Amino acid sequence: MTSSELAGRTALVTGASSGLGVDFARELARRGCNVVLVARREDRLRALQQELQSAYKMTATVIAADLARPDAAQALHDRLKKDGVAVDVLVNNAGFGVFGLELDIPWEKTREMLMVDIVALTQFSKLFGRDMRTRGFGYLLQVASIGAFQPSPTYAAYSAAKSYVRSFSQALNFELRGSGVSSTVICPGVTATEFLQVSGQKQTWFHRMTMMTSAEVAAAGIRAMLARKYAIVPGFMNWLTALFTNVTPDPVNAAVTYRAMRNEA
């Protein structure tokens, strides 16, 4: 699909108040998409709305929502349906990680993470994916992580959640074959966003060596989505890491990941 064919379509981007969500929205707006911006921080969404509408001939709609709430996805879908908004592109970007030994992390924090990273993503995919399938056109872009390829001590639940996203997206893409709808999963490595600040981890030598910009990752993800690729690992070092983990026993992967992720003194 060419960029011009996205003109006038509507994309829904979750987690659009910072980082990758902002750059996914910018990339889609640049290609002529109207965007629905979803996140908790309405002030940031309003600022992005103004930026996009000033720079491009498109419409940006702001919806402030907490996707950790069990009714959030259904409520948002119902609102857009009532307003007559048909979503052609869904970017399931919202998510966060929590750094630390899993048994020491409060359950409430892990639960909130799983509600956003797994439950909301799955429900959004089902609700908007069904609509796309009925119309015979659409794109789903699921944001996983390089952590989806191996067990990750200090990010145990987060890594497992992203493994779910990767597996879910690829199975869904197969189920959607011939429907005019596709599901692409992007597995970025370390990206210059607020992720480390939110997770509570200090930047390590591994982060400094492999970090990509948010704009680079977002552009790669949109290109892969439009090409209807089933998966992409952006960045040569990240691709090499994914390749390495596929041929290495999981106990070794866990040990290597722990050494790469542990906070420096």
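Residue numbers run from 1 in the order of the sequence given. Bear in mind that the values here come from a model prediction, so they are computed numbers and not experimental data.
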With sequence neighbours excluded, tell me which residues meet side chain to side chain donor-acceptor pair (under 3.5 Å) with [X].
{"X": "Ser169", "result": "Ser183"}
{"X": "Ser182", "result": "Arg228"}
{"X": "Asp43", "result": "none"}

Side chain proximity check, [X] to [Y], heavy atoms < 4.5 angstrom:
{"X": "Leu28", "Y": "Ile222", "value": "yes"}
{"X": "Thr61", "Y": "Val85", "value": "no"}
{"X": "Val89", "Y": "Leu141", "value": "no"}
{"X": "Arg41", "Y": "Ser18", "value": "yes"}

With salt bridge (Lys or Arg N to Asp or Glu O under 4.0 Å) as the rule and sequence neighbours excluded, what pairs involving [range] come up?
{"range": "residues 14-26", "answer": "Asp23-Arg26, Arg26-Glu51"}
{"range": "residues 78-87", "answer": "none"}
{"range": "residues 116-138", "answer": "Asp88-Arg135"}
{"range": "residues 98-107", "answer": "none"}

Any residue meeting side-chain contact (heavy atoms from CB on, under 4.5 Å) with [X], in chain and number order, not counting sequence neighbours:
{"X": "Ala64", "answer": "Glu42"}
{"X": "Ala120", "answer": "Leu67, Phe124"}
{"X": "Tyr164", "answer": "Ile118, Thr122, Phe168"}
{"X": "Thr134", "answer": "none"}

Measure the spacing between [atom1] of [X] and [atom2] of [Y] and express it to the nearest 0.5 Å.
{"X": "Leu52", "Y": "Met58", "atom1": "CG", "atom2": "CE", "answer": "5.0 Å"}
{"X": "Leu127", "Y": "Met132", "atom1": "CG", "atom2": "CE", "answer": "10.5 Å"}
{"X": "Asn92", "Y": "Gln123", "atom1": "CG", "atom2": "CD", "answer": "11.0 Å"}
{"X": "Leu114", "Y": "Trp107", "atom1": "CG", "atom2": "CH2", "answer": "5.5 Å"}
{"X": "Leu37", "Y": "Phe24", "atom1": "CG", "atom2": "CZ", "answer": "13.5 Å"}
{"X": "Gln49", "Y": "Arg46", "atom1": "CD", "atom2": "CZ", "answer": "5.0 Å"}

*Picking from Leu172, Val185, Thr184, what satisfies side-chain contact (heavy atoms from CB on, under 4.5 Å) with Leu140?*
Leu172
Closest heavy-atom contact between [X] and [Y]?
{"X": "Gly8", "Y": "Asn34", "answer": "O-ND2, 3.8 Å"}
{"X": "Ser163", "Y": "Ala148", "answer": "OG-O, 2.8 Å"}
{"X": "Lys109", "Y": "Ile105", "answer": "CB-CG2, 4.2 Å"}
{"X": "Ile186", "Y": "Pro234", "answer": "CG1-CD, 3.9 Å"}

*Show the numbers, then the answer: is there a side-chain contact (heavy atoms from CB on, under 4.5 Å) between Thr10 and Leu80?*
CA-CA 11 Å; Thr10 297; Leu80 292 178; over 6 Å; no
*Report yes or no: does Ser214 contribute a side-chain atom to a donor-acceptor pair with the main-chain N or O of Gly19 at less than 3.5 Å?*
yes
_Within 45° cone of Phe137 ring axis and under 6.0 Å: Arg9 NZ or CZ_ = yes
_For Arg111, salt bridge (Lys or Arg N to Asp or Glu O under 4.0 Å) partners two or more places apart_ = none
